[in-house]
Amino acid sequence: MEHRFASTYPSVTRPQAPRITNRKKRPQTQAICLIPLLLFFSLDIILTLIFGSFERNPTGTQDFDILEENSEQKWESPEPTWSITCDRSHFEYDLCYINRPCVLDPTTAILSSADPTNSTPPLVERIRPYPRKWQHNAMENVKEVTLTTTPLYSPCGVTHDTPALVFSAGGFTSNIFHDFNEGFIPLFVTVDSFFTNQDVILAIVNCSDWWLNKYGELIARFTRHPIINLDKETVAHCFPSAIVGLMSHGPMTVDPTLQRGPNPKTVLDFHAILKTTYGRGFTLPPRHRPQLVLMSRSHHRVIVNQDKVVQVAEDVGFNVVVFEPTQKTPMQEVFRVLYSSHVMIGVHGAGLTNELFLRSGAVFVQIVPIRNSWLGDICYGKLALRLGLEYIVYDVAIQESSLADQFPKDKLDPNDQGGMLMSDWSNWNIYMNQNVTLNLPRFRKYLERAYEKAKIFMQKEGRCSDC
């Protein structure tokens, strides 16, 4: 992840507990407080004896049956009697609902829905539909969408009988970590939570041509209908209902405990979609040696002695592929290189998002620069475990970092992971822009460990002829 965080949590003032000034009167006070409770329960028992048990549901079904039935109406908002409702309670995203027929004017990014209550003044909600609301410099690149009960008086140029999901492909899109963290994983979660059988129309703002060209096949996996690029539309679209925004379960996370519906998903289900999308017709080639892909970097966080690292890896027994995909690299090529590899190594950064394409059981070695461990764990470490990867962390020593030449060693405590995050944000670029020169004898031990795990992986798959 390449960008500076810019959020702080609000302070919370805890109220002081009331002091008891006369302890001798506590029993009398407690007895007085119990009297209303006893009267309440006595009245409840009397009413029950006279009228029988009070049934909230005249059909006789239990409360959980009612909840289960309601959960099938997945696209409804928490307050279906209102035309517009918004949930702004989450740290990373907002979500707005329109439960009634609505008109979307793409030229103004306004969604209008009739208000049956005729409230005055009209309801107006504004939302930037990108799940990184805590980071202002990301949200500056997200178009605002307005939801209102004010009539647009725009005739429907196109009328749909399917609900819309409106979201943004802006923010930090073009960085592969953010393409998935704020894009496709939240899209997967949202569609699965609200729309049965992908029966939803995706209406996208900040929708660039390169993004559609690069990810068009993947986007199509989340809908059975043509995608609407709102940046290029000029006529109004009418929908029976709409949701604006994407849900997020946290960094690179699909949390089954947070999902609606009877079949909660995990990140392995998302991985299956990637395989279906980019792995069609692809068969794993036979290999006599495990393949290691080194995710190379040309700018900051570069492995300075990368050529020597490759040589050591080959001496250990790997076939080595040095890979640095760009925005123009076809996703099918990215998938095939990673999916056919047994080990992936690389310095912490967006390129490690490609662990999503590794097979369960493969080995992932993250090289973590000084004071990046917390970030490496959040962005890639936890994801590796959820994907079923063999995860190995290589913490860069002070003498392996380029910062050793810039600062006294007593100022570079590699274990002080919270210092950069909580005290001085001006240090962000310093720590994110360091390069590493790996200690080859030390790193070789990690490569040997990865090699043994890779051989076991090949053996389990029946693809190791000399294991």
Side-chain angles (χ1 to χ4, degrees), residues 1 287 289-325 337-338 340-355 357-358 361-385 387 389-407 409 412-417 430-458:
M1 191 165 56
R287 300 192 187 282
R289 307 174 75 191
Q291 176 168 294
L292 180 149
V293 57
L294 190 158
M295 302 304 298
S296 184
R297 299 178 64 91
S298 299
H299 304 290
H300 43 276
R301 278 166 280 143
V302 173
I303 301 176
V304 177
N305 57 341
Q306 179 173 287
D307 291 342
K308 293 182 179 180
V309 170
V310 170
Q311 183 178 347
V312 171
E314 291 175 341
D315 291 343
V316 168
F318 288 109
N319 289 328
V320 179
V321 176
V322 178
F323 192 44
E324 187 176 3
V337 170
L338 273 297
S340 62
S341 295
H342 305 92
V343 178
M344 183 183 87
I345 68 173
V347 179
H348 169 78
L352 300 189
T353 307
N354 292 292
E355 68 177 301
F357 303 117
L358 293 170
V363 185
F364 169 38
V365 182
Q366 181 174 194
I367 301 169
V368 181
I370 292 175
R371 292 194 182 181
N372 277 243
S373 290
W374 63 275
L375 196 57
D377 180 61
I378 291 172
C379 297
Y380 308 112
K382 287 182 169 59
L383 174 62
L385 299 178
L387 288 169
L389 304 180
E390 293 284 347
Y391 178 50
I392 300 174
V393 179
Y394 181 87
D395 286 311
V396 169
I398 292 176
Q399 60 271 22
E400 293 176 290
S401 170
S402 60
L403 298 182
D405 299 327
Q406 303 177 39
F407 300 97
K409 290 185 179 181
L412 293 175
D413 180 2
N415 297 316
D416 179 18
Q417 300 302 331
I430 294 174
Y431 290 105
M432 296 305 289
N433 292 338
Q434 62 184 296
N435 296 325
V436 298
T437 303
L438 298 180
N439 181 318
L440 297 179
R442 178 180 178 230
F443 192 65
R444 182 187 180 99
K445 295 178 181 179
Y446 286 76
L447 291 174
E448 290 172 346
R449 182 177 165 197
Y451 180 81
E452 292 304 319
K453 289 180 177 291
K455 296 282 276 189
I456 293 172
F457 177 41
M458 294 178 70

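- Listed here is the closest heavy atom pair of Leu358 and Ser341: CD2-O, 4.4 Å.
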Using the side chain to side chain contact (heavy atoms under 4.5 Å, CB included) rule, take Phe457 and Val363 through it: C-alpha gap first, then chi angles, then the decisive distance, then the call. CA-CA 9 Å; Phe457 177 41; Val363 185; 5.8 Å; no
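- Heavy atoms only, all atoms of each residue included: Asn354 and Pro325 are closest at ND2-CG, 4.2 Å.
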Set out, in order, the CA-CA distance, both residues' side-chain angles and the distance that settles side chain to side chain contact (heavy atoms under 4.5 Å, CB included) for Arg444 and Asp315, then state yes or no. CA-CA 9 Å; Arg444 182 187 180 99; Asp315 291 343; 4.0 Å; yes
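- Contact of the Met344 side chain with the Val365 side chain is not registered, since no non-hydrogen atoms from C-beta on lie closer than 4.5 Å.
- Taking each heavy atom of Ser296 and Val322 in turn, the nearest pair found is CB-CG1, 3.8 Å.
- No cation-pi contact links Arg289 to Tyr451, judged by a cut-off of 6.0 Å to the six-membered ring centre and 45° from its axis.
- At distances below 3.5 Å, not a single donor-acceptor pair connects side-chain atoms of Glu314 with backbone N or O atoms of Gln311.
- Counting all heavy atoms, side chain and backbone alike, Tyr431 lies closest to Leu403 at CD2-CD1, 3.6 Å.
- Under a 3.5 Å cut-off, the side chain of Asn435 and the backbone N or O of Val302 do form a donor-acceptor pair.
- Of the residues Ile367, Ile345, Thr437, Val310, the one that meets the side chain to side chain contact (heavy atoms under 4.5 Å, CB included) test with Ile303 is Ile367.
- Side chain of Glu400 to main chain of Ala397: a donor-acceptor pair is present (N/O by atom type, distance under 3.5 Å, no hydrogens or angles).
- Put simply, the residue from Val393, Val396, Asp377 that forms a side chain to side chain contact (heavy atoms under 4.5 Å, CB included) with Val368 is Val393.
- Rounding to the nearest 0.5 angstrom, the gap separating the CD atom in Glu390 from the CG atom in Leu385 is 9.5 Å.
- Between the side chain of Glu324 and the backbone N or O of Ser298 there is at least one donor-acceptor pair closer than 3.5 Å.
- Asn439 places a side-chain N or O within donor-acceptor distance of the main-chain N or O of Arg442, the cut-off being under 3.5 Å.
- Looking at Met432 and Pro369, their side chains never come closer than 4.5 Å, going by heavy atoms from C-beta outward.
- Note that CG of Leu294 and CD of Gln306 are 5.0 Å apart. Values are rounded to the nearest 0.5 Å.
- Side-chain N or O atoms of His342 include none that pairs as donor or acceptor with a backbone N or O of Ala362 at under 3.5 Å.
- In this structure, CD in Gln434 is found 6.0 Å from CG in Asn372, a value given to the nearest 0.5 Å.
- For the atom pair SG (Cys379) and NE2 (His348), the distance works out to 5.0 Å, reported to the nearest 0.5 Å.
- For the atom pair OH of Tyr391 and NZ of Lys453, the computed distance is 13.5 Å after rounding to the nearest 0.5 Å.
- To the nearest 0.5 Å, atom CG of residue Leu292 and atom CZ of residue Phe323 are 13.5 Å apart.
- Summarising the geometry of Gln291 relative to Val337, their closest heavy-atom pair is NE2-O, 3.7 Å, with the distance given to 0.1 Å.
- By the 4.5 Å heavy-atom criterion applied to side chains, Phe364 and Leu352 are counted as neighbours.
- Within the 3.5 Å criterion, the main-chain N or O of Val347 finds no donor-acceptor partner in the side chain of Gln366.
- Minimum interatomic distance between Ala454 and Val343 (heavy atoms only, all atoms of both residues): CB-CG2, 3.7 Å.
- At distances below 3.5 Å, not a single donor-acceptor pair connects side-chain atoms of Arg301 with backbone N or O atoms of Val436.
- Side-chain atoms of Asn319 do not come within 3.5 Å of backbone N or O of Pro290 as any donor-acceptor pair.
- With hydrogens and angles ignored, the 3.5 Å screen pairs no side-chain donor or acceptor of Ser401 with any backbone N or O of Ile398.
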